[in-house]
Amino acid sequence: MTGKERFYATVDRRPVDRPAVWMSAPVGEELTNICRLYGVKDWHELQVKAGDDVYAFDIPYDSGYATSIAAAFDWYQNGSNVDPEHRTLTADGCFKDAEDPEDLAFFDWPDPEKYIDREECRRRCLAAPEDRAVLGQVWSAHFQDACAAFGMETALMNMAANPEVYQAVDEKILQFYLRANEIIYESTKGHLDAVIIANDFGSQLGLMISRQMIHDYVMPGAKRMIDQAHQYGLKVIYHSCGAIFDAVDELIEAGADVVHPIQATARGMDPRRLKEAYGDRVAFCGGVDIQELLPNGTPEQVKAKVRELREIFPTGLVISPSQGVILDDVPPENIRAMLEEGLKI
């Protein structure tokens with residue numbers, strides 16, 4: 001099977017010669033370290049040489065103050081703290097004191113048409129080897145952005161006490177991402193296989209908000225974005241960190257094809273439990289613990305975990321780290337060990 005064929009079969013929970021594998025995205029110094037280990041110069045060359053089944057690319061976005069679509073909104077109105085590395089959800093956002101929708105009028109909502117480079121988006125997509133599944137990292141984290149827009153405490157209080165103003169902000173964010181994703185999907189039509197969409201609503205111990213609030217305030221927007229991707233024939237990997245076992249039903253009902261990332265050390269996220277509860281209804285991605293195992297384990301321990309995951313999920317799991325990115329506390333040798341064991345036929 002090619003990587004593309006294996007990815008589609010894994011996502012559809014059909015038989016495979018081996019489960020699909022995705023290295024995930026090393027960032028910062030970690031990218032430099034893994035490139036050095038593999039003897040390559042950049043992420044493109046690394047993905048080609050690593051030989052996993054998924055080729056991912058970031059969206060080319062530059063508004064002058066934001067160079068990542070994952071940090072497109074200047075919630076702090078000071079030109080800072082908008083890059084993904086330094087952004088926080090807990091600091092007070094510019095809508096902290098908003099009491100009704102009219103109080104939102106001062107904000108200059110960005111137009112993605114101005115800041116997404118269509119040709120570069122297409123070029124990055126077409127850079128993928130033909131035998132790989134091509135993944136666009138669109139993220140589109142409308143819940144997290146709404147939390148940052150108010151400051152998380154204020155946002156969650158508004159869900160309960162002032163839903164009108166919360167939903168007004170959420171709707172504007174959704175409109176931005178739906179338009180941005182339309183630009184991306186049109187630019188890459190016929191060449192893109194899947195996208196990853198994200199909203200973190202889990203903590204280490206459980207859901208950050210009630211399942212009912214997830215149903216009321218997170219899933220309607222998630223479903224709109226999932227439906228849009230499906231209209232372009234794309235598979236949707238839906239990301240939420242944390243202990244989200246009790247919300248997986250919500251993701252399935254919203255149409256997610258893959259639930260990411262199986263944060264293995266979070267409460268209730270044991271892979272066997274997930275397989276037994278949901279394995280006939282949705283695929284998963286992740287499972288290789290990035291909190292303890294990948295940073296602190298040995299290559300042999302990493303390989304043992306991959307073998308365990310392959311036994312639990314002969315299909316229906318894209319083996320990958322249990323996070324959306326790989327940070328620089330992970331020895332590059334452990335990523336190589338994960339790939340080597342995962343890629344064995």
Side-chain angles (χ1 to χ4, degrees), residues 7-8 11 22 25 54-63 66-75 82-84 87 108-128 133-149 167-201 217-240 250-251 253-261 285 324-325:
F7 172 81
Y8 276 108
V11 169
W22 176 33
V54 178
Y55 180 97
F57 69 93
D58 287 325
I59 306 307
Y61 183 92
D62 190 349
S63 65
T67 56
S68 169
I69 199 167
F73 302 102
D74 186 7
W75 300 130
V82 293
D83 62 285
R87 185 181 59 161
D108 185 16
W109 294 93
D111 178 359
E113 182 70 48
K114 296 179 181 179
Y115 307 129
I116 296 175
D117 186 330
R118 291 173 179 264
E119 288 304 314
E120 177 63 12
C121 197
R122 179 176 172 81
R123 188 198 68 77
R124 293 184 185 187
C125 182
L126 291 175
V134 185
L135 174 68
Q137 299 189 138
V138 301
W139 299 117
S140 305
H142 70 100
F143 167 65
Q144 290 174 241
D145 277 312
C147 286
Q167 289 174 321
V169 171
D170 186 53
E171 179 59 30
K172 294 291 284 188
I173 295 168
L174 282 166
Q175 289 175 11
F176 171 88
Y177 283 125
L178 288 167
R179 178 58 183 141
N181 292 346
E182 179 185 17
I183 293 167
I184 295 160
Y185 302 159
E186 288 291 336
S187 300
T188 59
K189 187 181 290 186
H191 302 284
L192 188 63
D193 298 299
V195 292
I196 185 166
I197 293 172
N199 275 301
D200 287 337
F201 42 77
Y217 293 104
V218 182
M219 286 301 116
K223 180 169 173 35
R224 287 165 66 182
M225 286 190 287
I226 291 169
D227 286 348
Q228 180 193 39
H230 284 167
Q231 288 169 7
Y232 283 86
L234 304 174
K235 296 294 187 181
V236 176
I237 300 174
Y238 200 96
H239 167 93
S240 175
E250 294 285 343
L251 292 172
E253 290 167 13
D257 300 293
V258 183
V259 175
H260 177 271
C285 178
V325 296

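None of the values given here were measured: they were computed from a predicted structure. The residues of the chain are indexed from 1 along the displayed sequence.
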Please give me the minimum heavy-atom distance between D227 and A254, naming the atom from each residue. OD1-O, 4.5 Å
Is the closest side-chain heavy-atom distance between I237 and L135 below 4.5 Å? yes
Gap between atom NZ of K172 and atom CZ of F73 - 0.5 Å precision: 10.0 Å
To the nearest 0.5 Å, what is the distance between CG (L234) and CG (D193)? 8.0 Å
Could you measure the distance from the CG atom of L178 to the CD atom of Q228? Nearest 0.5 Å is fine. 5.0 Å
At what distance, to the nearest 0.5 angstrom, does CD of E120 lie from CZ of F57? 10.0 Å
Under-4.0 Å salt bridge between E119 and R122: no
R179 side chain to D111 main-chain N or O, any donor-acceptor pair under 3.5 Å? no
If you measure from OH on Y238 to CG on D257, what distance do you get to the nearest 0.5 Å? 13.0 Å
For I69 and A180, work out which heavy atoms get closest and say how close. CD1-CB, 3.8 Å
Evaluate the side chain to side chain donor-acceptor pair (under 3.5 Å) criterion for residues E186 and Y232: first the C-alpha distance (whole Å), next the side-chain angles of each, then the deciding distance (0.1 Å), finally the verdict. CA-CA 9 Å; E186 288 291 336; Y232 283 86; 2.7 Å; yes
Identify the residue among C121, P112, P60, S140 that makes a side-chain contact (heavy atoms from CB on, under 4.5 Å) with I184. C121
